[in-house]
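One structure below.
As the structure is a prediction and not an experimental result, all values here were calculated from the model. These numbers come from the heavy atoms of this one structure, side chains and all, not from hydrogens, waters or symmetry mates. Numbers restart at 1 for each chain; the letters A, B, ... are given by sequence-line order, proteins then strands.
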Number of protein chains: 2
Amino acid sequence: MQLHKRDVVEAATALLDDYGIADLSMRRLARDLEVSPGALYWHFASKQQLLGAVADRILGAVQDCGGDWQERIVQTCGRLREALLSHTDGAELVSASFAAGQSAVMTDLLAVLAAAAADAGVPADSTESAARTVVYFVLGSTVDEQSRLQWDAAGADVSAPVWAENSDARFAFGLRLLVDGIAAHTRADV
Amino acid sequence: MQLHKRDVVEAATALLDDYGIADLSMRRLARDLEVSPGALYWHFASKQQLLGAVADRILGAVQDCGGDWQERIVQTCGRLREALLSHTDGAELVSASFAAGQSAVMTDLLAVLAAAAADAGVPADSTESAARTVVYFVLGSTVDEQSRLQWDAAGADVSAPVWAENSDARFAFGLRLLVDGIAAHTRADV
DNA sequence: ACCTGAACACCGTTCAAGT
DNA sequence: ACCTGAACACCGTTCAAGT
């Protein structure tokens, strides 16, 4: 039967979860779907574009939420982190797709965060900068956390769980820094 | 004559500057050096390790500096950004090497930033988190900036220079957010 | 419209064998 | 100690040709 975009993205996600981003190749994906490699290029212009679709699928779990601007930022970032951690190499894949400008959902999240910054009183020409700064933190710290997590799961030495236990607190601390920064900045300008 | 680590790193940097990270392959590098690909593996255990050495070469230009903790953070980040921007795909390469834990100099910079955070009054168990948050911002924003810069240099549409002019201000704003956050956080805790 | 088959132009890494 | 040659096991992408 016919191959649809959704099937391809689903199979790619499964491949990612089971074997990681290094094994997520167009040829391997085609093999899993029992089509020729060229077939994928009927549905996607490039591997980058396909990875963007996988990123958007991963980020589907992140819905926006209510509350004041601080709660909205903290919640959005928390959910983003959870979504990334729930797929093997999820943070790395989304990070790469974001950098390549291939994730539409990531662009939406940026808008949500920029709106929260606006509510906080950040001047209109700086809300985008504030939102990006927050996103850089979430992506950077989660890539770090996940690589350590996965390294420990394989290597398994003693001091690993200590890091893992602290990672929630470390994430919360960095995020607090940014929220405090936004709050302080708007106070200074008003 | 004999091949030395320094020659390899130098040739790799030249290849990076002239053709970008996508063309920085072990085989192409070997061709430029007029050796067989296998020769490189006598001097470096893997491509990742070689890229780490290139990252450290790029970061050699970033020396540490004096002043109060705020000045030290702002200066260090400014110099880091300059170093990244002065090589094609420099931000991407250093970012990848940092994530892979292959850049010794990046670890030094982390320590410098952590020391500044400590001077600011951040509790000892959080200085590392503060430093990493700053580094995530510099790497993330500079990767972004550089990809836009290089895309414009090739594509060349109208609205490009506007972005370029604002990128200094955008960087400064994000950095200010973080410095304000560190300042606010320590005030709240003391 | 959708896919196959085969090709093009590459990769990183290993390792016996040479000097 | 340092390097070559050749192999192993792959890549992303394109495109004429088929149905």
Side-chain angles (χ1 to χ4, degrees), chain A residues 1-16 18-55 88-89 92-97 99-103 147 150-151 154, chain B residues 1-16 18-55 88-89 92-93 95-97 99-103 147 151 154:
Chain A
M1 94 222 112
Q2 256 217 68
L3 194 60
H4 285 106
K5 265 175 127 106
R6 271 181 48 265
D7 307 327
V8 178
V9 174
E10 203 168 326
T13 308
L15 196 43
L16 181 73
D18 293 345
Y19 302 98
I21 201 170
D23 284 315
L24 178 37
S25 70
M26 295 302 266
R27 296 180 101 106
R28 171 104 191 243
L29 181 55
R31 221 162 60 215
D32 285 9
L33 288 162
E34 295 179 296
V35 294
S36 99
L40 300 175
Y41 288 87
W42 180 261
H43 299 278
F44 297 91
S46 65
K47 183 181 182 180
Q48 240 190 22
Q49 196 166 101
L50 179 107
L51 292 183
V54 175
T88 310
D89 297 329
E92 208 178 317
L93 182 135
V94 170
S95 209
S97 293
Q102 297 287 354
S103 170
S147 80
Q150 292 175 179
W151 200 87
Chain B
M1 93 220 114
Q2 256 219 68
L3 194 60
H4 286 104
K5 264 176 128 109
R6 269 180 49 265
D7 308 326
V8 178
V9 174
E10 203 167 328
T13 309
L15 196 43
L16 182 73
D18 293 346
Y19 302 98
I21 202 170
D23 285 314
L24 178 36
S25 71
M26 296 299 267
R27 297 179 100 107
R28 171 105 192 243
L29 181 54
R31 221 162 60 215
D32 285 8
L33 287 163
E34 294 179 295
V35 294
S36 98
L40 300 175
Y41 288 87
W42 179 261
H43 299 278
F44 297 91
S46 64
K47 184 182 182 181
Q48 240 190 23
Q49 196 166 102
L50 176 95
L51 292 183
V54 175
T88 310
D89 297 328
E92 209 180 315
L93 182 135
S95 209
S97 293
Q102 296 287 352
S103 170
S147 80
W151 199 86

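Of the side-chain N and O atoms in H43(B), one or more sit less than 4.0 angstrom from OP1 or OP2 of dC3(D). Between S36(B) and the phosphate of dC3(D), there is no side-chain N or O to OP1/OP2 separation shorter than 4.0 Å.
Using N1 to N3 plus N6-O4 or O6-N4 for Watson-Crick, or N1-O2 and O6-N3 for G-U wobble, each under 3.5 Å, dC10(D) pairs with nothing. With a cut-off of 3.5 Å on both pairing distances, the Watson-Crick or G-U wobble partner of dT4(D) is dA16(C).
In this structure, M26(B) atom CE and dC10(C) atom C1' are separated by 16 Å, rounded to whole Å. The separation between W42(A) atom CH2 and dT13(D) atom C1' is 16 Å, rounded to whole Å. When the P atom of dG12(D) is taken as reference, atom CZ of F44(A) falls 14 Å away, rounded to whole Å. Rounded to an integer number of Å, the gap from CZ of R28(B) to C1' of dA9(C) is 13 Å. Distance CD (Q48(B)) to P (dC11(C)): 18 Å, rounded to an integer number of Å. The nearest whole Å value for the distance from the CZ atom in R31(B) to the C1' atom in dG12(C) is 15 Å. The interatomic distance linking L40(B) (CG) with dT14(C) (P) rounds to 13 Å, in whole Å. The distance between atom CG of L15(A) and atom P of dC10(D), rounded to the nearest whole Å, is 13 Å.
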Item to complete: Please step through side chain to side chain contact (heavy atoms under 4.5 Å, CB included) for the pair L16(B) and I21(B), ending with a clear verdict.
Response: CA-CA 6 Å; L16(B) 182 73; I21(B) 202 170; 4.0 Å; yes

Worksheet item: Between L51(A) and L24(A), does a side chain to side chain contact (heavy atoms under 4.5 Å, CB included) hold up when you go through it step by step?
Response: CA-CA 9 Å; L51(A) 292 183; L24(A) 178 37; 4.0 Å; yes

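Between the OG atom in S36(B) and the CZ atom in R27(B) there is a gap of 9.5 Å [rounded to 0.5 Å].
Positionally, the nearest nucleotide of DNA chain D for Q2(B) lies more toward the 5' end than for the other of Q2(B) and S46(A).
Separation of the C1' atoms belonging to dT14(D) and dC3(C) is 14 Å when rounded to the nearest angstrom.
Each of dC3(D), dG12(C), dT13(D) was ranked by its minimum atom distance to the side chain of Y41(A); first place goes to dT13(D). Considering only side-chain atoms of V35(A), the nucleotide from dG12(C), dG12(D), dT4(C) that sits closest is dT4(C). Considering only the side chain of R27(B), dG12(C) comes nearest among dT4(C), dG12(C), dC3(D).
A heavy-atom distance below 4.5 Å is found between the side chains of L3(A) and L33(A).
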